[in-house]
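The structure displayed is predicted, hence computed values, not measured ones.
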Amino acid sequence: MTTPADTGPAPAIDLRGLRQTFPTRAGEVVAVDHLDLRVGAGEVVALLGPNGAGKTTTLDVVLGLTRPTAGTAHVLGLPPRQAVQEGRVSAVLQTGGLLADLTVGETLRYVAATYPCPPGRVAEVVELAGLGDLVRRRVSRCSGGEQQRLRFALALLPDPELLVLDEPTAGMDVAARRAFWATMHEEARRGRTVVFATHYLEEADAFAERIVLVARGRVVADGPTGEVRARALGRVVSAVVPDVAAAARRLDGLGEVSTDGGRLRVRTGDADAVARALLTELDGHDLEVVGGSLEDAFLALTADPPADLTTDPTGPAVLQEETR
């Protein structure tokens with residue numbers, strides 16, 4: 001692979017035309033299908049999608065664990081494996097990488113010895129990962145959530161520029177998950193790029209600045225969480241109106257209209273037009289405008305028929321109905 005020719009700072013992740021296939025007895029399986037993804041330095045991005053969507057395969061390419069069948073992949077301007085070997089990229093994966101007979105402290109010290117870690121780095125990551133009470137405990141005696149916290153500490157040892165998390169809070173209880181994300185918020189404020197895949201949609205909603213939704217091996221939505229919701233579902237605009245029947249007829253062409261007593265609701269892709277009509281033409285009051293949930297957007301965008309994503313290079317991505 002060659003370094004991209006783009007001028008300016010290299011993006012943290014730059015995937016272009018990525019395709020990954022696997023041979024099976026039944027024929028070729030396409031895990032990733034011409035996927036494009038660009039993540040800038042310092043971004044916090046959630047990678048969402050149903051099982052089999054291609055999320056983990058994409059992250060494997062980013063981490064240099066597999067070479068794509070086609071397309072290009074660069075991480076921090078380098079081939080992925082080189083970026084990982086230089087300690088500029090770390091990952092928290094769901095399984096593997098731990099020796100059961102070692103203690104938590106021994107595991108951290110042994111791995112730290114493979115990096116040019118400054119004095120005190122082990123103690124620092126122990127505090128960051130909340131492992132102070134576990135350093136003398138054998139890994140085999142740690143719970144699944146505690147082992148995830150150890151993997152997080154190991155990932156922080158080289159002080160990476162890019163942190164890739166695959167289901168990072170799997171096995172953690174509610175308190176541990178909250179503590180983990182509080183730490184991640186602090187890491188993001190320090191400028192570290194964070195890309196994480198999760199099945200906990202509320203985590204993506206609360207933590208990510210940007211949602212990338214993958215389905216059938218392709219990106220089907222990409223943008224701020226609120227925009228992803230709006231593109232998939234529109235917004236619901238409601239108000240109390242004196243004549244519900246007349247208001248429903250007036251707004252029928254602007255969205256899906258429903259009524260609840262004297263309140264009229266419109267699910268629409270043009271919330272501004274509906275709000276103006278309710279307030280200026282229909283004598284509405286007690287106006288409310290709300291977006292759908294991320295879970296609703298997730299289900300809408302990953303259902304059949306699929307949606308496609310067209311990106312305007314001068315602005316945010318725009319969701320369009322697929323015409324193929």
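At a threshold of 4.5 Å between non-hydrogen side-chain atoms, the residues Pro158 and Cys117 do not count as touching. The shortest distance between side-chain heavy atoms of Leu63 and Val164 falls below 4.5 Å. At least one side-chain heavy atom of Asp60 sits under 4.5 Å from a side-chain heavy atom of Thr56. Using a 4.5 Å heavy-atom threshold, the side chains of Val214 and Leu48 count as separate. The closest side-chain heavy-atom distance from Val62 to Leu37 is not below 4.5 Å. Using a 4.5 Å heavy-atom cutoff, the side chains of Asp159 and Arg121 are in contact. Between Leu156 and Glu187, some side-chain heavy-atom pair lies under the 4.5 Å cut-off. Between Thr193 and Leu163, every side-chain heavy-atom pair lies at or beyond the 4.5 Å cut-off.
Aromatic ring orientation, Trp181 versus Phe207: tilted (interplanar angle from 30° to 60°).
For Arg250 against Ala277, the heavy-atom pair with the smallest separation is NH2-CB, 4.0 Å. Residue Arg210 comes nearest to Val212 through the heavy atom pair NE-CG2, 3.8 Å, listed as atom of the first residue, atom of the second, then distance. Here the shortest heavy-atom pairing between Val241 and Ala247 reads CG2-CB, 4.0 Å. For the residue pair Ala129 and Arg149, the shortest heavy atom distance occurs at O-NE, 3.4 Å. Contact between Gln20 and Pro68 at its shortest, heavy atoms only, is OE1-CA, 3.1 Å. Across every non-hydrogen atom of Leu108 and Leu157, the tightest pair is O-CD1, 3.7 Å.
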*I would like to know whether Val44 and Phe196 meet side chain to side chain contact (heavy atoms under 4.5 Å, CB included); could you show each step before the answer?*
CA-CA 8 Å; Val44 179; Phe196 67 98; 4.2 Å; yes
*Take Glu161 and Arg190 through the test salt bridge (Lys or Arg N to Asp or Glu O under 4.0 Å) and record every step on the way to the result.*
CA-CA 10 Å; Glu161 298 169 52; Arg190 294 176 179 176; over 6 Å; no
*Run the side chain to side chain contact (heavy atoms under 4.5 Å, CB included) check on Gln148 and Val92 step by step: do they pass?*
CA-CA 8 Å; Gln148 278 297 85; Val92 179; 4.1 Å; yes
*asked:* Using the rule given for side chain to side chain contact (heavy atoms under 4.5 Å, CB included), can you reason through Leu76 versus Glu86, listing the C-alpha separation, both sets of side-chain angles and the distance that settles it, and then say yes or no?
replied: CA-CA 11 Å; Leu76 300 167; Glu86 292 182 3; over 6 Å; no
_Let's go through Asp14 and Arg38 carefully: what are the C-alpha distance in whole Å and the side-chain angles of both, what is the deciding distance for salt bridge (Lys or Arg N to Asp or Glu O under 4.0 Å) to 0.1 Å, and is it a yes or a no?_
CA-CA 5 Å; Asp14 190 7; Arg38 187 181 180 96; 3.5 Å; yes
*Take Val139 and Leu99 through the side chain to side chain contact (heavy atoms under 4.5 Å, CB included) test and state the conclusion after the steps.*
CA-CA 7 Å; Val139 171; Leu99 297 177; over 6 Å; no
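Donor-acceptor pairing under 3.5 Å is recorded for the side chains of Ser238 and Arg263. Glu203 and Thr169 share a side-chain donor-acceptor pair at under 3.5 Å.
Between Glu209 and Arg189 there is no salt bridge, since no side-chain nitrogen of the basic residue lies less than 4.0 Å from a carboxylate oxygen of the acidic one. Here Asp36 does not pair with Arg218 in a salt bridge; the nearest charged N to carboxylate O distance is not below 4.0 Å. The residues Glu146 and Arg137 are annotated as salt-bridged, a charged nitrogen and a carboxylate oxygen being separated by less than 4.0 angstrom.
In this structure, OG1 in Thr66 is found 9.0 Å from CZ in Arg81, a value given to the nearest 0.5 Å. Distance CG/Leu128 to CZ/Phe180: 11.5 Å, rounded to 0.5 Å. Atoms CG and CZ, on Leu254 and Arg267 in that order, are 15.0 Å from each other to the nearest 0.5 Å. Remark: Leu18 CG to Asp33 CG distance equals 10.0 Å, nearest 0.5 Å. In this structure, Leu264 CG and Ser258 OG are separated by 7.0 Å, a value rounded to the nearest 0.5 Å. One distance of note links OG1 of Thr107 with CG of Leu102; it measures 4.5 Å at 0.5 Å rounding.
A donor-acceptor contact shorter than 3.5 Å is absent between the side chain of Thr259 and the backbone of Gly261. Under the 3.5 Å distance criterion, the side-chain polar atoms of Arg192 are left unmatched by any main-chain donor or acceptor of Gly42. Remark: side-chain polar atoms of Thr183 are paired, donor with acceptor, to backbone N or O of Ala179 under 3.5 angstrom.
Within 6.0 Å of CG on Asp101 lie no more than 12 heavy atoms contributed by other residues, nucleotides or ligands. Heavy atoms of other residues, nucleotides or ligands lying less than 6.0 angstrom from CD of Glu281 number more than 12. Counting non-hydrogen atoms of other residues, nucleotides and ligands closer than 6.0 Å to CD of Glu186 gives a total above 12.
The hydrophobic cluster containing Val194 does not contain Val75, counting ILVMFWY residues as joined when their side-chain heavy atoms lie under 4.5 angstrom apart, directly or transitively. Leu47 and Val32 fall within a single hydrophobic cluster, where Ile, Leu, Val, Met, Phe, Trp and Tyr side chains are chained together by heavy-atom contacts under 4.5 Å. Hydrophobic clustering (side-chain heavy atoms under 4.5 Å, transitive across Ile, Leu, Val, Met, Phe, Trp, Tyr) keeps Val29 apart from Val61. Under the 4.5 Å side-chain contact rule for hydrophobic residues, Leu251 and Val289 share a cluster.
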